[in-house]
Amino acid sequence: MKCSVIQDLLPSYVDNICSEDSKELVREHVAGCSSCKAKLEQMKNTELVAENVAEKQIDYLKKIRNKFTLKEWLGKLVLVILAVIAFAGLFAGGGGLLDYGRIPSVVFSILLFCSACLAGNCRYSGGRKSAAVETGISGILFAFVLSINEYVVQCIVEWKNPFPFMGPEMYDMGPGYAAILKAAALAVVIVLLKNTFGKQKNVFATILNITAISQIVYANDWLYHMDTPETTLAAAHELEVTQIILAIVGIITCALLLKLGKTDKGKVNL
């Protein structure tokens, strides 16, 4: 058997895809041919190196995936804790679990956003229609929270009950206003958690939900600690402006990043 014929069989022999007769021919030939034997050993070593490289690449990818998975679950845990703190504050007496004067709303919003980034919320995936609907719902909730708080504060400044159906006196507004805040907070938290634990991500809805939660928490706090109508109105406007600026800056920044990071499939990971 010529060496050229055996060397044509060597790749199939190394990959173990040739017939038993061909294997026997190769074994008999390399037993007495040092050239073909050296060629066979070289091909085996090359195959072994390639397998080792492939295994190392797979192990490396697994480590990266596990690292990102751990970070995402850490972010989800922190985000859930912060959301629970925000929501539970609406049921706590004395204004809630956060202090508007000591912990600025912008700090709380940034903490929420950082944990949302770790949790993987700050990505955009899925169909445009569903994302547009979710963003629209989040925008409506955000606008509702801002407008209802503005309305209540204006009524307080004018010393009239914003919810006369609750009772004629100014102090009868409490239960009605608390119920509205709790309902709005529940809706916002549900959308935020849906983005956190669902497969589809929507960064724009996440930003609106985060700023709305901060607005609700701190509006609840300063209403318990209002001093004069003037200071209450000033605090309300400061809070609203802060949250609006945060939402606008966040949306513009993420929109630019999404445009720069677009993939061929139209999906974006930040």
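We're numbering straight along the sequence, starting at 1.
Listed by chain and number, the residues in a side-chain hydrogen bond (donor to acceptor under 3.5 Å, both in side chains) with Ser35 amount to none (sequence neighbours excluded).
At a threshold of 4.5 Å between side-chain heavy atoms, the hydrophobic network of Ile, Leu, Val, Met, Phe, Trp and Tyr places Leu256 and Ile207 in one connected group. Under the 4.5 Å side-chain heavy-atom criterion for grouping Ile, Leu, Val, Met, Phe, Trp and Tyr, Ile216 is not connected to Ile140 through any hydrophobic cluster. Cluster annotation: Val107 is connected to Ile110 through the hydrophobic network of ILVMFWY side chains, with a link wherever side-chain heavy atoms come within less than 4.5 Å.
Looking only at side-chain heavy atoms (C-beta outward), Asn209 and Phe204 stay at 4.5 Å or farther from each other. Taking the side chain as every heavy atom from C-beta outward, Asn195 and Glu134 approach each other to under 4.5 Å. Looking at heavy atoms from C-beta onward, Leu181 lies in side-chain contact with Asn149 at the 4.5 angstrom threshold. Residues Phe108 and Ile213 form a side-chain contact, since some pair of their non-hydrogen atoms from C-beta on lies under 4.5 Å apart. Between Glu72 and Leu118, every side-chain heavy-atom pair lies at or beyond the 4.5 Å cut-off. Taking 4.5 Å as the limit, some side-chain heavy atom of Ile251 sits within range of a side-chain heavy atom of Leu208. At a threshold of 4.5 Å between non-hydrogen side-chain atoms, the residues Glu28 and Glu24 count as touching.
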Tell me which donor-acceptor pairs under 3.5 Å the side chains of residues 243-250 have, and how far apart each pair is, sequence neighbours excluded?
residue : atom : partner : partner atom : Å
Gln243  : OE1  : Ser109  : OG           : 3.3
Gln243  : NE2  : Ser105  : OG           : 3.0

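Atom-to-atom distance recorded for Ser34:OG and Glu41:CD is 12.0 Å, nearest 0.5 angstrom. Interatomic distance, SG of Cys33 versus NZ of Lys39, reported as 12.0 Å (0.5 Å rounding). For the atom pair Ile180 CD1 and Tyr151 OH, the distance stands at 9.0 Å (nearest 0.5 Å). Interatomic distance, Leu82 CG to Cys114 SG, rounded to the nearest 0.5 Å: 10.0 Å. Interatomic distance, Phe197 CZ to Trp73 CH2, rounded to the nearest 0.5 Å: 5.5 Å.
Considering Leu112, Thr206, Val84 as possible partners of Leu79, the one that fulfils the side-chain contact (heavy atoms from CB on, under 4.5 Å) test is Leu112.
Side-chain atoms of Ser22 do not come within 3.5 Å of backbone N or O of Cys18 as any donor-acceptor pair. A donor-acceptor pair under 3.5 Å is absent between the side-chain atoms of Ser214 and the main chain of Thr211, judged by distance alone.
Within 6.0 Å of the NZ atom in Lys37, the count of heavy atoms belonging to other residues, nucleotides or ligands does not exceed 12.
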